[in-house]
Amino acid sequence: MRNTFCKSERLNSKLIIDKLFAGGNSSFTVFPLRVVYMKTEKTVSGNGQTIPASILISVPKKRFHHAVDRNRVKRLVRESYRLNKSILWEALEDKDYGVTLAFVCMTDTLPDFKHLEKCVVKILRRVAEKC
RNA sequence: GCAGUCGGACGGUUUGUCGCUGGCACACUUUUAUGGGGGUGCGAGAGGAAAGUCCGGGCAGCGCAGGGCAUCCCACUUCCUAAUAUAGAAGGAGUCCGCAAGGGUUGAGUAAUGCAGAAGAAAACAACCGCAUGAAUAAGUUGCAAACCUCGGUUUGCUUCUUUUUGUGUAAGGGUGAGAAGGUGAGGUAAGAGCUCACCAGCGAUGUGGCGACACUAUCGGCUGUGCAUCUUGGGAGCUGCAAGUUCAUGUAAACUACCGCCAUCAGGGUAGCCCGCCCGACAGUUCGGUAGAGGGUAGAACGCUUAAGCCAUGAGGUGACUCAUUGGAUUGGAUAAAUGACAGACCAUUCUUCGGAAUGACAGAACCCGGCUUAUAGUUCGACUGCUUUC
RNA sequence: GGUGCCUUGGAUGAGUGGCUUAGUCACCGGUCUGCAAAACCGCUUACACCCGUUCGAAUCGGGUAGGCACCU
């Protein structure tokens with residue numbers, strides 16, 4: 001399995017985002033990230049591949065004032081998801097629904113990659129268990 | 001050598017693996033078709049400030065017969081740029097700071113009107129103290145004369161000075177203030193005063209130089225307080241901003257347009273603050289009911305969207321900003337819950353070092369596009385210049 | 001991306017060029033009380049920062065920093 005991250009894996013629909021944050025969805029925190037997730041239908045990308053999970057990364061302006069730092073955190077989270085998404089995908093392979101995830105950054109200081117990757121792996125395992 | 005001023009350039013390099021965005025080529029798939037989709041290969045992918053949004057322009061939509069007033073903005077000069085006297089740059093001018101190289105800053109006009117805390121007699125009208133002089137009467141006083149007597153004084157008249165009251169003159173003085181009728185000296189006067197004169201500072205006129213701001217010296221004019229506001233003069237300004245706006249698919253609202261009907265009321269209504277003017281006029285507007293039309297907003301997709309008032313070199317013109325060229329050359333960021341990344345290694349800088357090595361990599365991330373300004377910025381580097389010191 | 005606004009004692013908040021600033025609440029200290037509450041009295045370096053205009057700036061102008069709202 002290739003560790004890609006194409007456009008249809010990103011969450012960009014305003015309606016789904018509103019639904020995700022409206023309440024009633026499960027969430028938990030593995031410092032420095034908070035995760036909100038929701039069951040949805042699986043989407044099919046242009047080449048016929050089914051995409052079981054789509055994600056969103058949010059870094060609040062209050063915690064990181066400069067755009068450089070916000071971009072850096074988003075890229076780190078995205079990269080660690082890309083390298084480890086197989087955990088979630090294999091768990092959802094034989095299910096008939098998909099999952100939508102939102103990562104929210106909770107820390108004030110810039111995290112380093114190895115730390116964040118461990119954190120993301122932990123989160124993905126927990127989501128895979130619960131679904 | 002030390003201290004300093006101004007201006008410019010760069011702002012980590014590179015290899016591998018795994019990804020993202022868009023470009024080109026190739027074949028594939030899907031669709032009636034334009035087209036859409038992923039795959040493989042090739043080469044590309046943040047800045048000097050991308051930032052602040054302090055200015056200006058392009059571009060886009062809406063509005064708009066015309067004129068005046070009001071409102072707001074601008075204000076040393078010449079010149080440059082798309083930017084009209086506005087944002088800025090260059091050459092100058094005035095003024096302030098610095099020994100200097102240099103740096104900061106800006107004056108439209110003052111005819112009229114108003115205001116100026118505290119302090120001060122007074123903030124420019126006057127009044128007051130003071131000075132000078134006239135008068136008055138009262139008191140004191142100097143001198144002279146006359147009369148009287150106890151011969152030393154008393155009384156009366158004139159007179160000198162002082163005090164008091166009052167009229168007139170008074171831009172000296174009143175030492176407070178940011179500012180006190182330009183300053184110093186002499187003459188002059190009852191006392192004083194540009195009242196007169198000499199020198200000095202400023203202003204106005206004439207002259208000379210300069211495109212001009214302005215400068216200069218000479219002559220003439222006694223013309224001379226500071227700040228703010230009103231005011232006056234000249235010039236400029238329609239509003240909103242790519243979340244502008246255009247197109248597609250979906251669908252029709254209590255909003256819009258046209259027509260019809262009914263009821264009541266006003267004489268006017270529109271022209272984006274007011275007036276003139278212009279337009280409409282018993283139409284329009286308001287309330288209710290009906291019919292028809294056209295279609296807003298939200299969510300989605302596409303366009304706008306990147307080759308340009310652009311950049312580099314050469315030549316010519318100009319002190320310079322900059323401009324010109326039948327000149328030559330290179331142009332590949334275009335995202336949209338938002339790409340330009342992550343990891344590992346080598347090198348390069350800086351710091352620490354037990355000399356093995358270790359740590360760190362400034363400020364900061366395009367959001368329609370340009371030009372300027374401002375602010376942040378580790379480190380490296382180039383050029384021009386100034387002052388002081390030393391040596392030759 | 002664009003547009004508009006705000007910043008004054010610890011908190012709130014008045015002050016449109018003239019005595020480093022009105023009031024309210026809170027804190028602390030004092031008076032009062034056997035002790036407290038209430039009441040009364042007192043108290044708090046720089047008006048966010050820098051520069052300019054002015055004789056004089058919280059106030060006027062320019063810049064910087066921080067914060068808020070709207071286009072939603």
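A note on names: the letters A, B, ... follow the listed sequences, proteins ahead of strands, and every chain is numbered from 1.
- Evaluation of the salt bridge (Lys or Arg N to Asp or Glu O under 4.0 Å) rule for Glu79(A) yields Arg82(A) as partners, not counting sequence neighbours.
- Relative to the side chain of His66(A), the nucleotides rA364(B), rU340(B), rA344(B) differ in distance, and rA364(B) lies closest.
- With its glycosidic angle within 90° of 0, rG356(B) is assigned syn.
- Comparing rG94(B) with rU78(B), their C1' atoms sit 15 Å apart, to the nearest whole Å.
- Contact between the side-chain N/O atoms of Lys85(A) and the OP1/OP2 oxygens of rG19(B) is not found at any separation under 4.0 Å.
- Base orientation of rU306(B): syn, the glycosidic angle falling within 90° of 0.
- Counting non-hydrogen atoms under 4.0 angstrom, Arg70(A) reaches nothing in the nucleic acid.
- The CZ atom of Arg72(A) sits 16 Å away from the C1' atom of rA339(B) (whole-angstrom rounding).
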Exercise. Any chance you could lay out the side-chain contact (heavy atoms from CB on, under 4.5 Å) test for Val127(A) and Phe28(A), step after step, and finish with the verdict?
Key: CA-CA 10 Å; Val127(A) 172; Phe28(A) 59 90; 3.9 Å; yes
Taking N or O atoms only and anything under 3.5 Å, show me the protein contacts with nucleotides 46-52 of chain B, one pair per line.
| residue | atom | partner | partner atom | Å |
| --- | --- | --- | --- | --- |
| rA46(B) | N1 | Arg75(A) | NH2 | 3.4 |

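- Across the P atoms, rA118(B) and rC41(C) are found 30 Å apart, a figure rounded to whole Å.
- Ile87(A) and Ile57(A) fall within the same hydrophobic cluster, defined by Ile, Leu, Val, Met, Phe, Trp and Tyr side-chain heavy atoms under 4.5 Å apart, directly or through other members.
- Annotation: Lys118(A), atom NZ; neighbour count of heavy atoms from other residues, nucleotides and ligands within 6.0 Å does not exceed 12.
- If you take CG of Leu116(A) and C1' of rA342(B), they are 12 Å apart, rounded to a whole angstrom.
- Using P as the reference atom, rU336(B) and rG16(B) are 29 Å apart when rounded to the nearest Å.
- Taking atom C1' in both rU77(B) and rC54(B), the straight-line distance is 26 Å, to the nearest Å.
- Protein atom CG of Asn84(A) is 14 Å distant from nucleotide atom P of rC343(B), rounded to whole Å.
- Rounded to an integer number of Å, the gap from NZ of Lys74(A) to C1' of rG19(B) is 18 Å.
- Distance CZ (Arg78(A)) to P (rC18(B)): 18 Å, rounded to an integer number of Å.
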Exercise. Starting at the 5' end of RNA chain C, write a dot or bracket for each base, bracketing those in Watson-Crick or G-U wobble pairs whose two distances are under 3.5 Å and using | for partners on another strand.
Key: ((((((((.[[[..)..(....]]]..((((.......)))).....[[[[[..)....]]]]]))))))).
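- Look at the P atom in both rU133(B) and rC161(B): the space between them is 9 Å, to the nearest Å.
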